[in-house]
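This report refers to the structure that appears directly beneath it.
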Protein chains: 2
Amino acid sequence: MTGIAQYTGTFLPSGLAPAELIAILVAVTDNQPRVMTLRGGEALPSGPFESSHRSLQSSLRAWIEAQTGHPVGYLEQLYTFADRDRDPRSGDVETSQRISISYLGLVREQDAAGAGRPSWRSWYRYFPWEDHRDCIPEEVPRIADRLTAWAGADPLKAQRVDYLFGLNGKTWNEELVLQRYELMYEAGLVDVPEFGLPMAGDNRRILATGISRLRAKIKYSPVVFELMPESFTLLQLQRTVEALSGLHLHKPNFRRQIDQQELVEETGEISSGTGGRPARLFRYRPAILEARMLSGARLPLSKS
Amino acid sequence: MTGIAQYTGTFLPSGLAPAELIAILVAVTDNQPRVMTLRGGEALPSGPFESSHRSLQSSLRAWIEAQTGHPVGYLEQLYTFADRDRDPRSGDVETSQRISISYLGLVREQDAAGAGRPSWRSWYRYFPWEDHRDCIPEEVPRIADRLTAWAGADPLKAQRVDYLFGLNGKTWNEELVLQRYELMYEAGLVDVPEFGLPMAGDNRRILATGISRLRAKIKYSPVVFELMPESFTLLQLQRTVEALSGLHLHKPNFRRQIDQQELVEETGEISSGTGGRPARLFRYRPAILEARMLSGARLPLSKS
DNA sequence: CCAATTATACTCGATTCGAGTACATTAGGG
DNA sequence: CCCTAATGTACTCGAATCGAGTATAATTGG
């Protein structure tokens with residue numbers, strides 16, 4: 001090692017790039033994890049980066065709240081892309097590199113989610129193989145077959161297919177949304193119509209990144225409560241976590257974990273039963289937020 | 001919610017920003033976690049983002065390898081900053097927003113780390129309160145005192161101090177490097193000379209981000225091996241993990257966890273003992289990489 | 001009154017994990 | 001040669017966690 005890196009105090013013209021923000025806005029309604037989309041469900045909301053704000057975070061927060069009318073409870077930076085060939089379908093002659101900074105935002109359940117709100121779509125329409133709440137979706141074996149054929153005699157590829165899709169004794173890992181999508185991309189399966197809706201450019205890949213991150217996050221951080229109404233029953237909370245993780249949870253274990261972590265407290269009220277015994281209502285304990293945000297809030301999962 | 005966000009197909013001039021890459025390059029030598037610095041240890045290596053490469057990742061990788069002469073085993077994007085007032089000390093008249101994309105890179109132990117390599121510095125020189133391997137550093141109680149005074153009668157602040165610095169029965173959490181630094185920043189303690197070396201601009205904060213991320217990562221991912229030589233003893237491996245986490249590890253438990261995860265295999269050779277019984281040499285099992293990268297590789301920690 | 005549905009409490013066993021103890025093997029000094 | 005220091009290696013134990021199953025309580029609707 002002879003050369004020592006020099007700090008370049010000035011910036012070359014090549015250091016100038018158009019910057020764009022992309023938001024993955026998530027809400028859960030009717031036990032479905034929904035994401036805000038534009039252009040007929042083919043694009044994630046995005047816009048140019050305005051330098052009038054103090055930081056990226058506040059810039060995006062203001063923009064989202066202006067557009068949706070809802071406050072964003074939780075906002076987290078995901079990833080910054082700058083690939084030249086990001087949007088192969090785009091008709092733009094412009095081929096210069098664009099910097100795209102993606103964010104994950106959580107907003108509370110939309111009140112009165114009527115039929116006239118087509119912009120929020122269940123993310124399982126884009127990734128139908130990811131919903132394992134009731135059963136293993138029919139897409140999984142069909143994708144697995146085509147992936148196995150694609151892997152051929154390559155043992156490493158075959159092992160990767162097994163691991164990512166829970167084949168041959170491997171267990172399904174719900175966090176690997178992005179890795180599964182990328183494997184399918186390599187095998188040329190992402191544009192097969194029966195394997196989920198398309199999106200413009202790499203928006204579907206960015207969405208997969210967001211789902212992966214959120215599924216990982218809810219296991220050690222109480223971000224779920226950013227998606228819940230003020231008061232809720234424990235089953236509602238469980239259904240929300242199930243919607244996000246795409247897994248079925250063991251009810252007694254879920255309750256045990258929730259109350260031994262002291263994340264919630266009773267409101268004293270009781271839900272108007274939709275059938276069956278009425279449930280107690282709980283609210284999130286904001287006092288404990290700081291501490292729990294820093295430590296971990298594990299969630300109990302279970303198979304099928 | 002009346003307004004629906006519009007996708008802006010074009011980019012305003014405000015969407016143009018200078019882009020810069022910042023690298024946190026980490027190596028472990030002499031049981032010290034070291035970071036590559038420039039300008040007398042006051043800056044992290046950085047440079048303008050060149051659009052001649054295919055992606056950010058490959059752009060930065062090429063740049064690092066050209067500068068250091070060492071291949072980068074592991075490279076991960078950390079965070080993208082775009083705050084206007086990033087470098088308050090800078091004499092630049094230029095106040096326009098700059099986008100800084102930070103990366104964490106791991107390089108193998110430098111061979112023959114003589115005295116003539118001043119650019120690699122132990123990160124504990126910047127964060128002396130973070131090294132809990134032998135004992136709790138003397139800085140911790142002194143910082144704690146000043147933070148408690150700063151918190152005053154505010155119970156939330158006091159609780160935060162306790163939690164972050166392991167006071168009043170709370171246990172030290174080694175991952176919260178960034179949160180501790182930010183708390184000290186709020187309390188105006190980061191520029192106290194006895195509390196660590198300074199860095200230009202927010203470089204020290206970025207370094208804290210990288211340490212936090214790496215300390216979290218080694219718990220569930222086998223990235224440590226990117227810092228190890230080809231063959232190593234189990235104690236060497238343990239010392240490296242200890243250097244990074246700043247914690248003392250329980251030897252029997254460490255070995256148990258390592259071999260029951262089947263991350264390593266014996267080379268058959270035996271180390272030339274530096275004293276004491278000679279140890280068997282191991283190498284990382286690259287075949288298992290894919291699988292372990294995806295699942296988790298927990299590490300056993302211990303207190304005091 | 002009964003069935004269906006939901007809520008809530010409890011038990012059991014496997015696994016993990018922190019912590020401690022014991023023993024083995026080498027180098028080096030008296 | 002023996003003793004000590006330093007390192008390597010193998011066990012054990014108990015607490016905590018966690019997946020899974022079972023049982024019981026309360027309510028609605030026929």
Side-chain angles (χ1 to χ4, degrees), chain A residues 31 132 134 166 171-174 218-220 231-242 245 247-282 295-304, chain B residues 31 132 134 166 171-174 218-220 231-242 245 247-282 295-304:
Chain A
N31 292 337
H132 288 226
D134 302 323
T171 55
W172 174 265
N173 185 340
E174 87 284 356
I218 54 173
K219 283 192 188 170
Y220 59 90
S231 70
F232 46 85
T233 70
L234 291 183
L235 187 60
Q236 283 170 354
L237 180 62
Q238 180 179 344
R239 292 282 178 255
T240 302
V241 174
E242 287 176 335
S245 66
L247 293 175
H248 173 72
L249 300 184
H250 188 269
K251 200 198 298 191
N253 291 349
F254 181 81
R255 303 171 93 93
R256 171 175 63 186
Q257 200 124 28
I258 292 300
D259 64 52
Q260 84 186 13
Q261 298 200 133
E262 298 182 325
L263 290 169
V264 297
E265 62 188 3
E266 290 188 52
T267 65
E269 290 168 282
I270 288 186
S271 76
S272 54
T274 61
R277 171 177 170 177
R280 290 180 292 182
L281 284 175
F282 292 83
S295 64
R298 279 166 241 309
L299 288 172
L301 303 179
S302 85
K303 302 151 194 154
S304 182
Chain B
N31 292 337
H132 289 226
D134 302 323
T171 55
W172 175 264
N173 185 340
E174 87 284 356
I218 54 173
K219 283 193 187 169
Y220 61 90
S231 71
F232 47 84
T233 70
L234 291 185
L235 187 59
Q236 284 170 354
L237 180 63
Q238 181 180 343
R239 292 283 178 255
T240 303
V241 175
E242 287 175 335
S245 65
L247 294 174
H248 173 71
L249 300 184
H250 187 270
K251 201 199 296 193
N253 290 349
F254 182 81
R255 304 172 93 93
R256 173 176 61 185
Q257 199 125 30
I258 292 299
D259 65 54
Q260 84 188 11
Q261 297 200 133
E262 298 182 324
L263 290 169
V264 298
E265 61 188 3
E266 289 189 52
T267 65
E269 290 168 281
I270 287 184
S271 76
S272 55
T274 61
R277 172 176 171 179
R280 289 180 293 181
L281 285 175
F282 291 83
S295 64
R298 281 165 241 310
L299 288 173
L301 304 179
S302 85
K303 301 153 195 154
S304 175

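Residue numbers start from 1 in every chain, and the chains themselves are labelled A, B, ... in the order their sequence lines are given, proteins ahead of strands.
- At the heavy-atom level, B:L234 lies nowhere under 4.0 Å from the strands shown.
- Side chain to side chain, A:Q261 and A:Q257 fail the donor-acceptor criterion of an N or O pair below 3.5 Å.
- Within a 6.0 Å sphere centred on CD of A:E269, heavy atoms belonging to other residues, nucleotides or ligands number 12 at most.
- The nearest whole Å value for the distance from the CG atom in A:N253 to the P atom in D:dG21 is 10 Å.
- Rounded to whole Å, atom P of C:dT16 lies 18 Å from atom NZ of B:K219.
- Atom NZ of A:K251 and atom P of C:dT11 are 20 Å apart (whole Å).
- Without hydrogens or angle criteria, A:Q238 side chain to A:L249 main chain gives a donor-acceptor distance under 3.5 Å.
- For the pair B:Q257 CD and C:dA19 P, the computed distance is 13 Å after rounding to whole Å.
- Separating the CD atom of A:Q261 from the P atom of D:dC18 is a distance of 8 Å, rounded to the nearest angstrom.
- In this structure, NE2 of B:H250 is placed 15 Å from P of D:dA10, rounded to the nearest angstrom.
- Residue-level contact check: A:R256 touches the bases, meaning some heavy atom is under 4.0 Å from a base atom.
- Computed from coordinates, the A:R255 CZ to D:dG21 P distance equals 18 Å when rounded to whole Å.
- Rounded to an integer number of Å, the gap from CG of A:L249 to C1' of D:dA20 is 14 Å.
- Comparing B:F282 and A:I270 against DNA chain D, the residue whose closest nucleotide sits nearer the 5' end is B:F282.
- We find the NZ-CG distance between A:K251 and A:L234 to be 10.0 Å, quoted to the nearest 0.5 Å.
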